[in-house]
Every structure is written in C-alpha cells, then in structure tokens.
Amino acid sequence: MTSSYIEPKSHLVDLFRQAVRHVAPDSEITIDLERPKQASHGDFACNAAMQLARSLKRNPREVALQIIAALPSSDLVEKTEVAGPGFINVFLKARAKQALAGHILARGNAFGSTDLGRGERIQVEFVSANPTGPLHVGHGRGAAYGASLANVLAFAGYNVHREFYVNDAGRQMDILALSTWLRYLELNGQKIPFPGNAYQGDYVKVMAEGIYALHGDKYARDASHILAGLPDAGTDPESHLDGLIANAKRLLDQDYAYIHGYALEEQLGDSRNDLTEFGVVFDQWFSERTLHDAGLIDRIVADLQQHGHIYEQDGALWFRSTAFGDEKDRVVKRDNGIYTYFAADIAYHINKFERGFSRVVDIWGADHHGYIPRVKGALKAAGQDPERLEVALVQFAVLWEGGQKKSMSTRAGQYVTLRDLRREVGNDACRFFYVLRKSDQHLDFDLDLAKSQSNENPVYYIQYAHARIARVLEAWGGDPADLAEADLDRLEHAQELALLNRLAEFPEICANAAADFAPHSVAYYLKDLAADLHGLYAACQFLVDNEALKLARLALIAATRQVLRNGLTLLGVSAPEQM
RNA sequence: GCCCUUGUAGUUAAAUGGAUAUAACAGACCCCUCCUAAGGGUCAGUUACAGGUUCGAUUCCUGUCGAGGGCGCCA
C-alpha cells in the first residue's frame with residue numbers, strides 16, 4: 001500500500017514543469033502550486049499562466065489552455081480547468097487522496113518530516129536568562145518558542161543543537177552573590193541596610209538559610225565598617241552597590257567564590273529543573289566564564305585590535321562598530337579593566353562558528369534589537385560571514401491581571417514566575433498559548449483568562465480530537481494491522497475527503513514553519529485539523545456494520561491521530577488517550 | 001530625537017503577492033435514545049488613511065495618523 005502512494009503535489013509540480021518547458025522554453029519561472037481555499041477551485045491551483053502572460057505577450061487564459069494541452073497525462077488527475085484570471089485548477093481522483101491514510105500509518109512518527117535541511121548543523125540558542133533568580137513568564141515565551149522552533153527544524157532535516165548561554169561571569173552574578181551574603185549576615189544578627197537595587201526576592205533568603213544550615217557562621221565577617229567610604233546609596237546607588245561587592249570580595253577573600261558558586265548552582269539548577277518540567281531541554285549549557293578562563297576573549301580582542309577594529313580612548317577599549325553600520329562605537333573593555341558583556345558575546349559567537357555550526361540562530365528578547373548590528377559587525381570584523389547568524393526577536397509577553405498590566409523586575413523580586421504560571425495553567429496550555437502568537441508579535445498574556453478559562457483554551461480542542469479517536473479505536477478493539485489492509489476507496493464522504501486533504505498539507509506546513517521560523521503555523525494547522533475531525537465525528541459513524549467501510553474509516557481516523565500526535569509533539573504538548 | 005515591532009469582525013488573532021480575507025471568543029438561534037456535547041450546525045459582523053509597484057496587494061515601497069517597546073564604560 002505504501003509503495004503505491006505517490007505524493008500528489010510534487011508529482012504535479014513535475015508535470016507542470018514539463019508542460020511549461022514545452023509552452024515557454026526560455027522562461028525561468030518556478031512552478032507554484034497552492035491549495036485553493038474553496039473546494040470548487042479544485043485540489044491544486046497553478047498560476048504559471050499568469051506569470052508567463054507578460055513575457056509571452058498573450059492572454060493568460062490562452063496560455064493556461066496551452067499549458068493544459070501540454071500537460072502529460074497522469075493517473076492521479078481527474079480533470080483540469082482554466083478559471084478566473086488564468087488559474088489552472090487541478091482536481092485529483094479520489095484514489096489519489098485515499099492512499100494517503102495508508103501512507104501516514106506506514107510512516108508513523110516520521111510523517112511530516114522532510115529533508116529540507118539536508119543534515120545541516122544549526123545551533124539554536126535560547127532562554128539564556130541570567131541565573132540570578134527564578135524564570136518568569138517572559139522567559140517562558142522564549143523557552144516555548146525556541147524549543148518548538150528547534151523541534152520544527154529537526155523535523156525538517158536539520159541537525160539541531162540546542163544551547164543555553166549561562167551568564168555566570170558578570171556583574172549581575174556579583175550582585176546576586178552580595179545579596180545572598182547580606183541576607184546570610186542578617187541571619188547572623190548583623191544589621192546592614194539591604195540595598196534597594198540588590199535582589200529582593202525571597203529565594204535569596206532561602207539560599208542564605210541554606211548556607212547557614214550547611215556551614216553555620218563560617219562565612220560571617222565583622223561587616224560593621226562595610227559601608228565606610230562608599231558613595232551614598234541614595235545619590236549613586238550603582239556605585240554604592242559596586243563598592244559593597246568590592247568590600248564583600250575583600251572581606252570574604254577565598255570564601256567569596258563559595259558564596260558566588262552556591263548562588264549560581266542554586267539558581268541554574270532551579271532554571272534547569274523548571275525548564276525540564278516544561279519540556280524544554282538543551283544539548284549544552286555554555287558557560288560564559290569558560291570564555292574568560294580559556295583566554296578566548298583576550299585572543300579575540302587582541303586579534304581585532306591588531307586589525308585596527310579596536311582603539312583606546314578614555315582608558316577603555318572601543319570596538320569601531322560604526323565601520324559596520326552601527327550608530328556608535330561600543331566599549332569592549334571598561335576603564336576598570338573588566339570586559340563588557342559585549343566582549344564576551346563577540347567571543348561566544350566566534351566560538352559558535354569555530355565549533356562547526358554552519359548556521360546559528362539566536363533567540364533574543366525584543367529589547368536586544370539594537371544589539372544586532374554590533375554583533376554582526378564584530379563577526380564581520382573577525383572574518384566571519386554575519387549572514388550565517390540569524391536573530392529571531394521575541395516580543396515581550398506583557399502580563400495582565402485584574403485588568404492591570406503587571407510590571408516585572410527581577411531585582412525587585414516582583415514578577416510571576418514561569419513555575420507559578422505552569423502550575424496555574426498547566427504545561428500543555430502554557431506551551432500552546434505561548435506559540436499561538438507569531439514570535440514578533442506582542443503577546444498580551446491575560447493571567448485571569450489563562451487561569452480561569454483554561455478549559456476553553458484551544459489546546460483542549462485539539463487534545464480532545466486525539467482522545468476521541470483513541471476512544472473509538474479502543475471501542476473497536478481490533479488489530480491495528482488490519483487497518484493497513486483497509487480498502488481505502490470506501491472513503492467517499494465529503495468530510496472524509498476534506499480531512500484527507502488537510503492531512504496531506506501537514507508536511508508542507510512543517511517545512512514552511514521551519515523555513516520561516518514560525519512554529520505558530522503548526523498550532524493553527526492543528527486547530528484546523530481538529531475541526532475537520534470533529535466535523536467528521538459529528539457527520540459519520542465509524543463503528544458501522546459494513547466491515548470494509550468501518551476499516552476504511554478507522555484507518556482514516558488512525559492516520560489523523562498520528563498527525564495530531566506528530567504536530568503536538570513538535571509543540572511540546574501531550575497527546576492524551578482520554579480526557 | 002533615532003531605532004524595532006505593530007494597526008484586519010465588538011475582542012484576541014490567521015492568511016509563501018492570488019480567486020468570495022480565515023478562525024476562536026463575545027452576541028442571536030438550533031442539535032445528545034447515537035463511538036466523550038471539552039462536540040456539531042445556522043445567522044450577523046473586518047484589512048487605519050493616502051499614494052505607488054503588479055495581470056492581481058492584508059502582504060512589497062513611500063507618506064500621514066495611532067499603539068507598544070528599545071535606545072548606558074548595565075546585563
């Protein structure tokens with residue numbers, strides 16, 4: 001049965017290509033077949049005649065007739081006709097559609113996958129949140145989008161590497177370490193004003209308690225003079241904070257690394273655990289610190305300096321990004337001798353290409369858009385092709401609750417965590433809700449709606465279709481192998497043929513989702529597919545007395561179940577057997 | 001001021017440059033003796049404005065008006 005299946009679209013593209021070559025030997029148009037929205041326009045429509053009309057200086061309908069005349073005959077085609085301004089509509093024989101059900105059952109989990117990527121190594125870096133506190137709902141969107149995109153790319157034949165960049169070397173981590181230590185000192189009875197721009201969240205206190213439980217007062221220091229000589233917290237809070245960090249490092253000496261490391265491991269572990277529960281897994285967690293330790297940043301900066309892309313001014317080193325279209329030059333090494341985040345990022349991206357990825361995708365929050373020209377500029381300066389880096393910007397998820405926008409600040413400890421959201425709404429609804437919007441579209445995440453109406457979330461509509469099929473097959477109780485032998489030409493009902501057409505679209509949907517970085521189109525497709533199934537469910541009885549018809553219909557819905565499952569898997573949503 | 005995203009039914013959103021612009025929710029009705037009504041069916045309702053490119057524009061370009069966000073020797 002499988003061997004007899006011919007994929008209609010590529011078959012037709014081939015036929016049209018031959019016909020066009022005959023009608024207009026010199027033209028270079030690409031054959032484009034689309035699936036008309038209206039059934040009366042056939043199963044496929046070709047616009048080649050309209051594309052050729054100009055160069056041939058002839059009426060498009062006339063050209064269409066010539067193309068049809070030149071079209072090689074095919075067992076799949078029922079009829080062709082010229083319609084509208086010059087479309088060629090193709091109607092397939094029922095047999096050409098029916099065989100699909102058997103093909104899907106034979107292909108199983110692989111149905112819908114393609115060879116678009118040809119095994120090309122592509123890296124997708126996403127989330128990459130600072131490990132300075134719990135992930136919040138904004139990170140959730142990047143996680144859901146990145147994971148789904150990576151799945152879709154893998155399904156389209158790319159060799160995908162999923163990576164999380166760990167910012168474990170920067171000032172933010174120092175602030176977290178300081179915050180933790182100050183809370184720890186409070187446990188030891190020391191009253192030190194806790195800076196307003198340090199991390200306020202309760203998880204900081206939890207870490208301090210953890211350290212105290214493990215080591216008692218081992219890390220206590222007399223900090224009564226810790227504020228001495230520091231800039232006033234009210235007038236210059238950032239310098240005040242930096243002064244505190246410097247004092248903490250001096251007072252703790254070697255022990256500072258322990259506090260820092262403890263906080264890092266705790267927060268990173270928390271994020272990893274959170275993401276794993278969310279179905280988001282990474283092949284690699286790449287440490288920023290290793291870039292510093294391995295001297296990679298020194299090497300890259302020296303290299304760029306040697307080629308005249310870096311100059312010194314006001315005691316700092318500047319990258320001449322204006323030479324690559326950026327609006328101003330950027331500091332890579334501050335006058336205090338510390339590399340900026342940007343310097344590490346240049347090294348990181350060069351490192352990505354040195355690891356052999358031919359394409360690199362960064363998924364960033366939209367607030368980083370101004371960052372793109374300087375990173376691409378740095379890649380170009382370093383002799384890499386900036387076109388191989390693609391940045392997908394994910395717009396913010398703005399949270400609404402009680403009709404009010406919730407402001408979120410990690411440092412102020414004022415936000416809804418991803419974990420809380422998942423527990424309220426459920427992982428499946430979360431994953432689906434997040435990717436239901438185009439990534440570059442602002443997402444208003446109405447918390448009340450997501451919580452209170454979670455049963456009306458479209459994800460349940462799709463899952464219900466899957467569960468319904470599972471229950472019917474269970475009620476049947478027969479041998480699935482019998483379905484492979486089903487006499488599929490029994491499928492003649494209009495709703496059955498409509499469903500077959502929908503199933504046939506799945507591979508194209510997946511391929512386009514990969515090419516456009518648009519996993520949301522899979523979500524929309526699944527809604528349509530579920531609607532077709534529910535429509536058929538209402539219109540036709542599956543478990544009928546006629547054995548041949550029953551097997552054919554069961555084969556059709558079993559194929560539908562397979563496609564629902566394949567699509568939901570791409571989105572990281574479960575496909576329940578019953579609800 | 002500069003940059004990014006965006007403007008589609010009452011609301012939230014779809015639509016590789018294609019034919020009569022899709023859905024969901026909200027609204028008005030109808031359908032369980034039947035494999036799960038978390039379902040199906042009927043009705044009403046949309047491309048901000050002005051130009052341009054094109055056989056053909058929601059889509060591409062320019063402008064106007066409106067919305068959201070970003071613009072540190074922070075990360």
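Owing to the predicted nature of the structure, the values given are computational and were not obtained by experimental measurement. Sequence lines set the chain letters: A, B, ... in the order given, protein chains first and strands last, and positions in each chain run from 1.
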What's the shortest heavy-atom distance between A/Leu571 and A/Pro519, and which atoms?
CD2-O, 3.9 Å
Residue pair A/Lys376 / A/Leu389: nearest heavy atoms and the distance that separates them
NZ-O, 3.0 Å
Less than 4.0 angstrom between a side-chain N/O of A/Tyr348 and OP1 or OP2 of B/rA75, yes or no?
no
Just how far, in rounded Å, is P of B/rG39 from OH of A/Tyr537?
13 Å
A/Arg468 side chain near B/rA37 phosphate (N/O to OP1/OP2, under 4.0 Å):
yes
Is any side-chain N or O of A/His534 closer than 4.0 Å to OP1 or OP2 of B/rA24?
no
OP1 or OP2 of B/rU6 less than 4.0 angstrom from a side-chain nitrogen or oxygen of A/Lys438, does that happen here?
no
Side chain A/Asn47 and base B/rG18 donor-acceptor under 3.5 Å
yes
Say you pick atom P in B/rG17 and the same atom in B/rC74; how far apart are they, in whole Å?
43 Å
Within the structure, does a side-chain N or O atom of A/Lys328 lie under 4.0 Å from either OP1 or OP2 of B/rC73?
yes
What is the pairing partner of B/rC71, taking Watson-Crick or G-U wobble pairs with both distances under 3.5 Å in any strand?
B/rG1
Measuring to OP1 and OP2 of B/rA14, would you say a side-chain N or O of A/Lys527 lies under 4.0 angstrom away?
no
Between B/rC73, B/rG18, B/rA38, which nucleotide has the shortest distance from any of its atoms to the side chain of A/Met579?
B/rA38
With a 3.5 angstrom cut-off on both distances, give the Watson-Crick or G-U wobble partner of B/rU20, or none if there isn't one.
none
For a quick check, tell me whether the side chain of A/Asp345 and the base of B/rA75 share a donor-acceptor pair closer than 3.5 Å.
no
Verify the distance criterion only: is there a donor paired with an acceptor across the side chains of A/Asp362 and A/His349 at less than 3.5 Å?
yes
Pick one for B/rC60: is it syn, with its angle within 90° of 0, or anti?
anti
Tell me whether the side-chain N/O atoms of A/Arg171 come closer than 4.0 Å to OP1 or OP2 in B/rA75.
no
Can you measure A/Ile557 atom CD1 to B/rC35 atom C1' for me and round it to whole angstrom units?
8 Å
Look at the side chain of A/His368 and the base of B/rA75, then say whether one donor and one acceptor between them are separated by less than 3.5 Å.
yes
Are more than 12 heavy atoms from other residues, nucleotides or ligands located less than 6.0 Å from atom CG of A/Asn546?
yes
Applying a 3.5 Å limit to both distances, which nucleotide forms a Watson-Crick or G-U wobble pair with B/rA57?
none
Checking base pairs now: Watson-Crick or wobble, both atom distances under 3.5 Å. What partners B/rA28?
B/rU42
Does A/Arg61 place a side-chain N or O at less than 4.0 Å from the phosphate oxygens OP1/OP2 of B/rC55?
no
Mark yes or no for whether A/Ser239, through its side chain, and A/Asp236, through its backbone, hold a donor-acceptor pair below 3.5 Å.
no
Just distance, no hydrogens or angles: give the donor-acceptor pairs under 3.5 Å from side chains in residues 526-533 of chain A, sequence neighbours left out.
from, atom 1, to, atom 2, distance (Å)
A/Asp532, OD2, A/Arg502, NE, 2.6
A/Asp532, OD2, A/Arg502, NH2, 3.4

Across all strands shown, which nucleotide pairs with B/rC65 by Watson-Crick or G-U wobble geometry, both distances under 3.5 Å?
B/rG7
Measuring to OP1 and OP2 of B/rC71, would you say a side-chain N or O of A/Arg330 lies under 4.0 angstrom away?
no
For atom OH of A/Tyr461 and atom C1' of B/rA23, their distance in whole Å:
10 Å
